[in-house]
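Comments concern the structure below.
For the numbers below, each heavy atom of this structure counts, side chains included, while hydrogens, waters and symmetry mates do not.
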Amino acid sequence: MNLAYLAQDPTLQDFGKDPWWLVLIKIVFAFVFAVLATLLGVWFERRVVARMAQRPGLNQIGPFGLLQTLADGLKMAFKEDILPKAADKVVYFFAPTISVISAVTALSVVPFGPMVSIFGERTPLQVTDVSVAVLVLLACSSMGVYGIVLGGWASGSTYPLLGGLRSSAQMISYEVAMGLSIVAVFMTAGTMSTSGIVAAQGDGTRLNLFGVVDLPAPGWYAILLLPSFIIFFISTVGETNRAPFDLPEAESELVAGFMTEYSSLKFALFMLSEYVAMVTMSAVTTTLFLGGWRAPWPISLWEGANSGWWPLLWFMGKVIGLVFIFIWLRGTLPRLRYDQFMRLGWKVLLPINLVWILVLAGIRTLQKEDLGETTRYTIIAGAVLVVLLLTLLWPTKKQPPPRTLQEKVNRRPAGSFPLPPMDLQVPPSPRTKRAVAEREPANVGAGQPGTTGAGHDEKEV
């Protein structure tokens, strides 16, 4: 088989022709990838966070502590499984599995590589693909919230219920921003197929500036659609409940959130589902914005970089890089307040996304119109200038002058808790009775008549 064929981008016509044993191999490969990536992701996070905190980290069980995650999994599996008395037993049992299954299922439409040869069979290195594969990814991401909400509700406790409600509001809010950021990818690639989106990023476009300069432009949508990429990645952090957006399981407010009443293997499934979702969303981000399995520059200068099994290596490298950013955010940023978090999603990310899609739609329309290069770029520059002027000159709400301390005290409602004294001097309690005894000054001069060796008057002695 020649390299030219192996470097071929798969199309929708290449799927659905594999024998049953090859389909089974692909499914097992995707499942093993999710499990191994999760186990290594836990180890990787603990090592990286320890490095950031200037401490050793995992270094006891296995080389570099590699077997520590496996030991922790076995420990949790053999712990006592406690079932709350008020729990809904059926829902309580199946809730952790929903989160794991949803995260693993999303990998079925993620392309790991181009056309390859497996035991003589030519097949794409992807389980399957459909014309609306990205909608399948969004559906799997949306289904993951059911495991968290049902787990919190079925526990029959207050704190897990609050954690589940927080999670439902959080994921719905950030799924809107995530979906709108993918709209820009649809508009640019012209397809919803994941293999088609990767193929669209393979050929770099060229920019003709005013008919004079012809410059090569990158093919990655992370650069061409930079606002969409930033909003999408922020939304994935909120979607996977990772710090600084881990509000559903905020241990400082909700004990452990929706996982409070879980123990043993069920708790392990909830914990591992978070890492599976993190790896899955990293793979999805790589597919939609980072060129998928295609080699980055300057490796792409090598003719065989996108041939054979090499693309699988580039894909893994990009996923590991994004997982590192997830961990970096956790080790760097403090947790947001819930109102700040929701305000970021609805009042910042959503309006920016809508304006960006409108601008991108205008650019795409101008590209299809039969206009000169000078006229086209003049219109684009004028639109950008108008947006900048509106941003700079938009009236801001005038902040009221800050109140003095006495004004704040006077505005306190009736029945409020008593305030400490303003001078910070606490008066003595009227309930305490003090016996004040007057003492005569002591004569401590040495050698004086009428004194003892201890310096006290003999009469007093």
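Residues Leu269 and Ser273 are not in side-chain contact: their nearest non-hydrogen atoms beyond the backbone lie 4.5 Å or more apart. With contacts defined as side-chain heavy-atom distances shorter than 4.5 Å, the pair Phe315/Thr286 qualifies. Between Leu137 and Thr194 the shortest side-chain heavy-atom distance falls below 4.5 Å. Side-chain contact between Val49 and Arg55 is present, with at least one heavy-atom pair separated by less than 4.5 Å. Counting heavy atoms from C-beta on, the side chains of Leu39 and Tyr275 never come closer than 4.5 Å. Counting only heavy atoms from C-beta outward, the side chains of Val130 and Leu12 never approach each other to under 4.5 Å. At a threshold of 4.5 Å between non-hydrogen side-chain atoms, the residues Thr285 and Thr236 count as touching. Looking only at side-chain heavy atoms (C-beta outward), Leu360 and Thr188 come within less than 4.5 Å of each other.
With sequence neighbours left out, the side-chain hydrogen bond (donor to acceptor under 3.5 Å, both in side chains) criterion links Trp309 to no other residue. Listed by chain and residue number, Asp129, Ser195 satisfy the side-chain hydrogen bond (donor to acceptor under 3.5 Å, both in side chains) test with Ser193 (two or more places apart in sequence, or in another chain). Considering only residues two or more places apart in sequence or on other chains, Lys266 meets the side-chain hydrogen bond (donor to acceptor under 3.5 Å, both in side chains) condition with Asp81. Applying the salt bridge (charged side-chain N to carboxylate O under 4.0 Å, His left out) test to Arg343 and every residue at least two apart in sequence or in another chain returns Asp339. A search for salt bridge (charged side-chain N to carboxylate O under 4.0 Å, His left out) contacts involving Arg47 returns nothing, not counting sequence neighbours. Judged as a ring pair (Phe, Tyr, Trp, His ring centres under 6.0 Å), and not counting sequence neighbours, the contacts of Phe341 are Tyr174, Phe245.
Using modelled atom types and a 3.5 Å distance limit, the side chains of Gln126 and Ser108 yield no donor-acceptor pair. In summary, the side chains of Thr123 and Lys26 do present a donor paired with an acceptor at a separation below 3.5 Å, with no hydrogens or angles considered.
Distance CD1/Ile234 to CG/Leu329: 9.0 Å, rounded to 0.5 Å. Atoms CZ and CG, on Phe112 and Leu312 in that order, are 8.0 Å from each other to the nearest 0.5 Å. A distance of 7.5 Å separates CD of Glu80 from OG of Ser263, quoted to the nearest 0.5 Å. The distance from atom OG1 of Thr280 to atom CG of Leu107, rounded to the nearest 0.5 Å, is 4.0 Å. Considering CG of Leu162 and CZ of Phe258, their distance stands at 13.5 Å, rounded to 0.5 Å. Here the CG-CG distance, from Leu58 to Leu66, works out to 9.0 Å after rounding to the nearest 0.5 Å.
Minimum heavy-atom separation, Gly331 to Met52: CA-SD, 4.3 Å. Pairing each heavy atom of Ala50 with each of Gly57, the nearest pair is CB-CA, 3.5 Å. Contact record, Ala295 with Asn306: N-OD1, 2.8 Å, taken as the closest heavy-atom pair. Residues Arg294 and Ala199 share a closest heavy-atom pair of NH2-CA, 4.3 Å. Among all heavy-atom pairs drawn from Gly292 and Val198, the shortest one is CA-CG2, 4.0 Å. Here the closest non-hydrogen pair linking Gly147 and Ile98 is N-CG2, 3.8 Å.
Sorted by first and then second residue, the salt bridge (charged side-chain N to carboxylate O under 4.0 Å, His left out) pairs with a member in residues 31-46 read Glu45-Arg242, Glu45-Arg330, Arg46-Asp72; sequence neighbours excluded. For the ring-ring contact (aromatic ring centres under 6.0 Å, His included) condition, the pairs that include at least one residue of residues 84-111, sequence neighbours left out, are Tyr92-Tyr262. Sorted by first then second residue, the side-chain hydrogen bond (donor to acceptor under 3.5 Å, both in side chains) pairs that include residues 221-230, not counting sequence neighbours, are Ser228-Trp356. Every pair tested for ring-ring contact (aromatic ring centres under 6.0 Å, His included) that includes a residue from residues 44-80 fails, sequence neighbours excluded, so the list is empty.
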Compile the donor-acceptor pairs under 3.5 Å between side chains in residues 177-185 and protein atoms, sequence neighbours left out, one pair per line.
unit_1, atom_1, unit_2, atom_2, d
Ser181, OG, Ala177, O, 3.3
Ser181, OG, Met178, O, 2.6

Enumerate donor-acceptor pairs with a distance under 3.5 Å from any side-chain N or O in residues 138-145 to protein atoms, sequence neighbours excluded.
unit_1, atom_1, unit_2, atom_2, d
Ser141, OG, Glu239, OE2, 2.9
Ser142, OG, Leu138, O, 2.8
Ser142, OG, Glu175, OE1, 3.2
Ser142, OG, Glu175, OE2, 3.2

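A donor-acceptor contact shorter than 3.5 Å links the side chain of Gln170 to the backbone of Gly238. Listed for the Glu274 side chain is no donor-acceptor partner under 3.5 Å among the backbone atoms of Met271. Using modelled atom types, one side-chain atom of Lys318 and one backbone atom of Leu290 make a donor-acceptor pair closer than 3.5 Å. Side-chain atoms of Gln201 come within 3.5 Å of backbone atoms of Thr287 as a donor-acceptor pair (strictly under, hydrogens ignored). A donor-acceptor distance shorter than 3.5 angstrom exists from the side chain of Gln340 to the backbone of Arg337, with no hydrogens or angles considered. Judged purely by atom type and a 3.5 angstrom limit, Ser264 uses its side chain to pair as donor or acceptor with the backbone of Met76.
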- Message: Test side-chain contact (heavy atoms from CB on, under 4.5 Å) on Phe33 and Val279; report intermediate values, then the result.
- Response: CA-CA 10 Å; Phe33 169 77; Val279 174; 4.1 Å; yes
- After noting the C-alpha distance and the side-chain angles of Phe270 and Val100, does the key distance pass the side-chain contact (heavy atoms from CB on, under 4.5 Å) rule? CA-CA 7 Å; Phe270 263 132; Val100 178; over 6 Å; no
- Message: Could you go through Ile223 and Phe229, starting from their C-alpha distance and side-chain angles, then the distance that decides it, and tell me whether this counts as side-chain contact (heavy atoms from CB on, under 4.5 Å)?
- Response: CA-CA 8 Å; Ile223 301 175; Phe229 171 66; over 6 Å; no
- Using the side-chain contact (heavy atoms from CB on, under 4.5 Å) rule, take Thr260 and Ser157 through it: C-alpha gap first, then chi angles, then the decisive distance, then the call. CA-CA 9 Å; Thr260 302; Ser157 180; 5.7 Å; no
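No more than 12 heavy atoms of other residues, nucleotides or ligands sit less than 6.0 Å from atom CH2 of Trp328. The 12-atom threshold is not exceeded at CZ of Arg411, counting heavy atoms of other residues, nucleotides or ligands nearer than 6.0 Å.
Of the candidates Leu350, Leu225, Val348, Asn353, Ile231 forms a side chain to side chain contact (heavy atoms under 4.5 Å, CB included) with just one, namely Asn353.
Ring geometry for Trp314 against Trp310 counts as parallel: the plane angle stays under 30°, on a 0 to 90° scale with 60° as the upper cut. Phe289 and Phe232 have tilted rings, their planes meeting at an angle from 30° to 60° on a 0 to 90° scale.
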